[in-house]
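We name chains A, B, ... by the order of the sequence lines, and we start the count at 1 in each one. No experiment lies behind these values; they were computed from the predicted model shown.
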Amino acid sequence: MDQYVLTIVTALPLIGILIMLPISRKAESVLKGIAFTTSLAAFVLSLYLCINFDSSTDAMQFSVNVPWISSLGANYHVGIDGLSLWLFLLTTFLSWISIWSSWNAIKDRLKGYLISLLLLETGMLGVFMSLDLFLFYVFWEMMLVPMYFLIGIWGGVNRIYATIKFVLFTLVGSLLMLVAIIALFVMHYYATGVYSFDLTVMDDFAISSQAQRWLFAAFALAFVIKVPMFPFHTWLPDAHVQAPTAGSVILAGVLLKMGTYGFLRFCIPLFPDAFMESIPVISVLAIIGIIYGALVAMVQKDVKSLVAFSSVSHLGFVMLGMAAFNMQSMQGSIIQMINHGISTGALFLIVGMLYERRHTRMIADLGGLFTSMPVWTTFFVIVALSSIGLPFTNGFVGEFLILLGTFKVNAAYAIIAATGMILAACYMLWMLQRVVFGEITDEKNRSIRDLNLREKLILVPLVVLIFWIGIYPSTFFRPMERSIDSLLKRVAYTQIATPEIPIAEVDRNDGPMGTYRDQGE
Amino acid sequence: MSNYIWLIPAAPLAGFLINGLFGKRFPKPVVSSIACGSVFFSLVAAVLALIELLGLDPEYRSIETLLFSWIPSGAFQVDIAFLLDPLSAVMMLVVSGVGFLIHVYSIGYMAHDKEFSRFFTYLNLFTGSMLILVLANNFLLLYVGWEAVGLCSYLLIGFWYKKQSASDAGKKAFIVNRIGDFGFAIGIFMIFWTFGSLNFSQVFESAASSFQIGSSVITAITLLLFVGATGKSAQIPLYVWLPDAMEGPTPVSALIHAATMVTAGVYMVARCNVLYTLAPTSLLVVALIGAATALFAATMGLAQNDIKRVLAYSTISQLGYMFLACGVAAFTAGIFHLMTHAFFKALLFLGAGSVIHAMSNEQDMRNMGGLRSKIKTTYLTMLVGTLAIAGIPGLSGFFSKDEILWKAFSSEHGGVVFWLIGVVTAGLTAFYMFRLLFLTFFGKPRYDKHKSEHLHESPRNMLFALASLAVLSAIGGWIGIPASMGGGNHFERFMEPVFASSAALASHGENHHSHVTEYLLMTISVLFVLLMIYFAYVAYIRRPQLATSLRERFAGIHKVVYNKYYVDEIYAAVIVRPLIVISMFLWKVIDVAIIDGIANGLAYMVQSFSGSTRVMQTGYLRNYALMFLGGAIVVLAFFMSMR
């Protein structure tokens, strides 16, 4: 069973698509039923992974490795470890939620919409489980197409500009990454005479520092645009504002994590020296992103673009934690990826539910919604508080560990970044005040009906996760610990082995190396 | 009981969950019984825990119980675990005891509010969070309670969310507190990387054993923690949120913004007494900020007309008093005053609430007067509270205030200046409190007929709370009567184990003063207080025109004081507005104009370039032939020239 699970989960959405193809697009409820069932089935089956996950090893689990295009040495090599487990589950979970959330939102070309969402799910799951660069790249590009259609067809007024901007930004990065993948393949062939795209093979392949720099830059650019880090973030607000709710949920919840995950899975283990060198740049850009995103979020007039800019800020924390590169900051960073998926996903759902009723997201048009929609407001406030990192919610655990870990490496970074927590309170509470509190100023806001049962059921699991991660994060930390540990060790090992780095520097206590050494358990 | 310490915070939290999920469907009596019952449960459990604690030898009065491991991350391990010792015992008794009385009071006060259940939901959440705060055995769990009570404060200040001023005040409270918490959080990072733990006992033990007095790391840590305390306990420069917090319902002002939450900073400093003793510089900063706040806030209290705002500034001032005590290393005195203040200030706020209730929501004292005979119980209980806060001998406030004044004078960290500021503040306190009492309850009625028809004494449950607190305000100080006055000073001896190791660190150089000095200073301060009460009597009862003429003569000063020294306006001009302007600049200029401008410009260039090259693709064979010919000529010419 074990070795087929990943493949089955990833293929389930495709099977759903196959079933849907012959069905008339008029039969909307049948189509919705199929999409819902397959995405739910994928989620339930993916729970098998976390139940049977072995936390005591850093090895790839549930893995399959069979030849695929043998003339190129490309294999179908998939598997997950502590770095990808929760992202994989987050994807199946949010895909199911977002399909369920678009029950009434899409009136036009529903069939194509559902097929796009399912195709997107397969692409995302593929990225998180791929251990072969060729396979990874196929899935990576596969995600782009359905997302392009989701924004371009079912998006808002300015959807064409937004979707082309999204695709062009992403393509610039990913084409350079393709060049880097091919270069890596060729270099490996010259060195060993073997055709291979296999990540586990590449991990053991020593690359000169000079080559590392170029290859790292190409990979990093693709991922940095995806994260997105300042100053490559401007596609994000447009894409979010124009995308339909489900598109925003997936975009914020999962697609952005492709960037941060890419660093974990590819950039750091493949090019450790180059990564170490670039830590100051990544940290500074991350900190700029944290503060810049928060400040710009504060003055947004559209709730959705406020949430979009807050994502820039939150993802800045994720990247900062990764750059600090010790156990605390890395665990914080990975859990913060999940947190952001849950909290920001929930925020987009909540804003979408409002939009379906009120057909506006402009803050100035709203106000006093607590009076007309108390249940919706309660969910909104809880999720907003988790987003600003209140203790016992998920956001706190992530941000705290990231800042704690960063403080060890560079206190100034941590102190500057921590101001982001103040700014987050500013923009979130100010927005809440203008949207849900106060008197109702526009009569249209008085007659809005509150959430229905389906909408409550969609939000409840998200809120449960918010508190679960906040109060008992051990569930989520335990499986990732060994994998992070081995990543830290691997980089430490290559750092010592590389003669260019003087040993004296390794022993210094304030660098990432020193940080690692103190982790000995 | 000590193994089930977690039940003490858990009970109100359970009440919060039940009322939060189903409260809307419950009738009011069910809601209030769940809310009050859960806090009463905590109170009983707290008393049982105290009895168990008293049964132990003093040096064993520190019991830690682990619930579960919260955040395990490599070397970083933080638990959900609780600490029961004399300090947390006092705090949890104050929180659950005063909290229970205020819950009972609220049943009457909020009886006609449509959102009865939401109010009690928040109130229970607050009580549970505050109990977590005082019972935590490590810095991070303390921080959890710390931020959670801040959340409750935000929710309860903005309880009447339709009012713009209420939601403004809630937001302000949260954000100002976050600024303090920012310092607190950095302090926690530093503690962890210095001591490798966030556990109180481990941190304090290793601090006492391996750091010298004056260590710069400890100084930095304690100053950062104190930044958090200035936010939560409304000290200069972060006090600005507390006066606005009076927008919340009055029981909230009593519970959160007077008796319990705002004292969290004092509790935290007292808890970290070992660290502060190791950092004399930080102690000095604490004492200075405390003294300055005490005096500054007292002057602002002189000129307010809103009955709750007078009490709010009084709270800030009294909190300054407590910090002054901690700053001169008299932690016991600080906690003692914290406790007596909780009694009389809760009483005063609830009394003010009763007045407001009777006056159909009138808060301006200029529209009151002569209420003495109309609402007699309220008047009598408030009189007790006023006498207590003014420090009239025999009442609780006297003993704790006198203890602080004496320590401010005699401690090695103290000095005459601190004592003098303390005495002046005490005088001002007596003045504004009696001003409040006289304006409200004495003189001729200044309200309209409509109000006088509705004038009524509060229901019995509210009076029950008032009476209980009046008793506590009167006799609550007796447990701490010092030896010099013939008392046993049980409070100090009970608290001794908590402060033992810091006392050991600072044992050298204790200044010795005779009882004569102590009596002399006490007499001076009491006489000064009596004098100020007399002034208030003259200005507001005997010759009311005197107050008016003084106000006119010093119109400039009065205006500045009345407007709270324009601190809010200065903050808005220096911090808030520039931040908005910068943010707009970043959005409109950096994001839209520059970054998007570059991206769109690139796209435009590609488009126009391809647009112009597209012109060549005409589809006419003759044009292609011409180009082919031209190209061939160029290539030929190139090769010819190379030869």
Side-chain angles (χ1 to χ4, degrees), chain A residues 164-165 168-169 231-235 237 292 295-300 309 326-328 331-332 368 370-371 374 385 388 390-392 396-397 400-401 403-405 407-408 411 414-415 418-419 421-422 425-426 429-430 432-433 436-439 471-474 477-478 481 485 518-521, chain B residues 20 24 68-76 80 118 140-141 143-148 150-151 154-155 158 161-164 166-168 170-171 174-175 177-179 181-182 185-186 188-190 192-193 196 576 579-580 582-584 586-588 590-592 594-596 598-600 602-603:
Chain A
I164 290 178
K165 199 172 176 183
L168 285 184
F169 266 77
F232 305 102
H233 64 277
T234 60
W235 62 269
Y292 182 96
L295 285 175
V296 177
M298 195 153 63
V299 290
Q300 293 306 304
F309 276 106
N326 53 45
M327 180 55 88
Q328 287 78 30
Q331 282 200 329
F370 198 176
T371 313
L385 291 172
I388 66 179
L390 205 79
F392 277 175
F396 177 73
V397 176
F400 183 83
L401 284 179
L403 291 172
L404 181 81
F407 191 88
K408 168 102 199 239
I415 292 169
T419 58
M421 291 171 74
I422 303 174
C426 295
L429 296 188
W430 193 27
L432 278 183
Q433 183 188 20
V436 302
F437 300 135
E439 287 283 2
I471 295 172
Y472 198 72
S474 310
F477 282 152
R478 225 173 294 119
E481 192 153 336
D485 199 42
D518 287 12
Q519 298 312 316
E521 286 131 64
Chain B
K24 270 190 188 159
F68 60 89
S69 163
W70 177 27
I71 306 182
S73 176
F76 180 78
I80 305 283
R118 185 160 65 92
L140 204 60
L141 191 58
Y143 187 81
V144 170
W146 189 271
E147 282 238 309
L151 167 71
Y154 163 75
L155 294 172
Y161 59 89
K162 289 183 187 169
K163 262 169 79 187
Q164 175 74 24
S167 64
D168 273 341
K171 184 185 63 179
F174 195 95
I175 290 171
N177 269 295
R178 266 259 156 150
I179 297 172
D181 295 355
F182 160 79
I186 307 282
I188 291 178
F189 301 151
M190 247 178 127
F192 179 72
W193 293 121
V576 181
L579 209 58
I580 300 277
I582 291 169
S583 305
M584 281 309 274
L586 292 179
W587 181 31
K588 291 289 183 192
I590 307 280
D591 229 62
V592 176
I594 297 181
I595 300 179
D596 264 2
I598 292 171
N600 292 341
L602 275 175

Taking the six-membered ring for Trp, are Phe400(A) and Phe189(B) parallel (under 30°), tilted (30 to 60°) or perpendicular (over 60°)?
tilted
With a 4.5 angstrom heavy-atom cut-off, is it the side chain or the backbone of Ile164(A) that approaches chain B, or both, or neither?
neither
Using only atom types and a distance under 3.5 Å, with no angle test, would you say the side chain of Gln328(A) pairs donor to acceptor with the backbone of Ser73(B)?
yes
Taking side chain as C-beta onward, heavy atoms only, is Leu140(B) less than 4.5 Å from Phe396(A)?
yes
Given Met584(B) and Val296(A), is the side-chain contact (heavy atoms from CB on, under 4.5 Å) satisfied, shown in steps?
CA-CA 7 Å; Met584(B) 281 309 274; Val296(A) 177; over 6 Å; no
Below 4.5 Å from any heavy atom of chain B, which atoms of Phe370(A) appear? Answer side chain, backbone, both or neither.
both
Under a 4.5 Å heavy-atom cut-off, does chain A meet the side chain of Leu141(B), its backbone, both or neither?
side chain
State, with a plain yes or no, whether a side-chain heavy atom of Gln331(A) is found less than 4.5 Å away from one of Phe76(B).
no
Proximity breakdown for Ile594(B) and chain A, heavy-atom pairs closer than 4.5 Å:
neither
Looking at Ala414(A) and Ile186(B), what are the two nearest heavy atoms and their distance?
O-CD1, 4.5 Å
Is a side-chain N or O of Tyr472(A) found less than 3.5 angstrom from the main chain of Trp70(B), in a donor-acceptor match?
no
Met298(A) and Ser583(B) have their tightest heavy-atom pair at CE-OG, 3.5 Å
Give, as side chain, backbone, both or neither, the part of Leu401(A) having an atom under 4.5 angstrom from any heavy atom of chain B.
side chain
Given heavy-atom pairs under 4.5 angstrom as the criterion, report whether the side chain, backbone, both or neither of Glu439(A) touches chain B.
both
Measuring from atom NZ of Lys162(B) to atom CZ of Phe437(A), what distance do you get when rounded to the nearest 0.5 angstrom?
12.5 Å
Hey, which of Thr419(A), Leu432(A), Thr371(A) has the most heavy atom pairs under 4.5 Å with chain B?
Thr371(A)
Let me confirm one number: the CG-CG distance from Asp181(B) to Leu390(A), rounded to the nearest 0.5 Å.
9.5 Å
Within the structure provided, determine whether Pro374(A) and Lys24(B) are in side-chain contact (heavy-atom separation under 4.5 Å).
yes
Contact leader toward chain B among Phe392(A), Phe309(A), Phe477(A), where contacts are heavy-atom pairs under 4.5 Å:
Phe392(A)
Reported CD1-to-SG distance for the pair Ile179(B) and Cys426(A), which is rounded to 0.5 angstrom:
7.0 Å
Portion of Ala599(B) that has a non-hydrogen atom of chain A nearer than 4.5 angstrom:
side chain
Please check: side-chain N/O of Arg178(B) versus main-chain N/O of Met421(A), any donor-acceptor pairing under 3.5 Å?
yes
Between Thr234(A), Val299(A), Leu404(A), Ile422(A), who has the most heavy-atom pairs with chain B when the cutoff is under 4.5 Å?
Leu404(A)
Under 4.5 Å from any heavy atom of chain B - which part of Ile388(A)
both
Side chain, backbone, both or neither: which part of Trp430(A) has a heavy atom under 4.5 Å from chain B?
both
Chain A heavy atoms under 4.5 Å from Tyr154(B): which part of the residue, side chain, backbone, both or neither?
side chain
Measure the shortest side-chain to side-chain distance between Trp235(A) and Asp596(B) over non-hydrogen atoms and say whether it is less than 4.5 angstrom.
no
Please report the closest heavy-atom contact between Leu586(B) and Tyr292(A), naming both atoms and the distance.
O-OH, 3.2 Å
For chain A, the option from Leu579(B), Asp168(B), Asp591(B) that forms the most heavy-atom pairs under 4.5 Å:
Asp591(B)
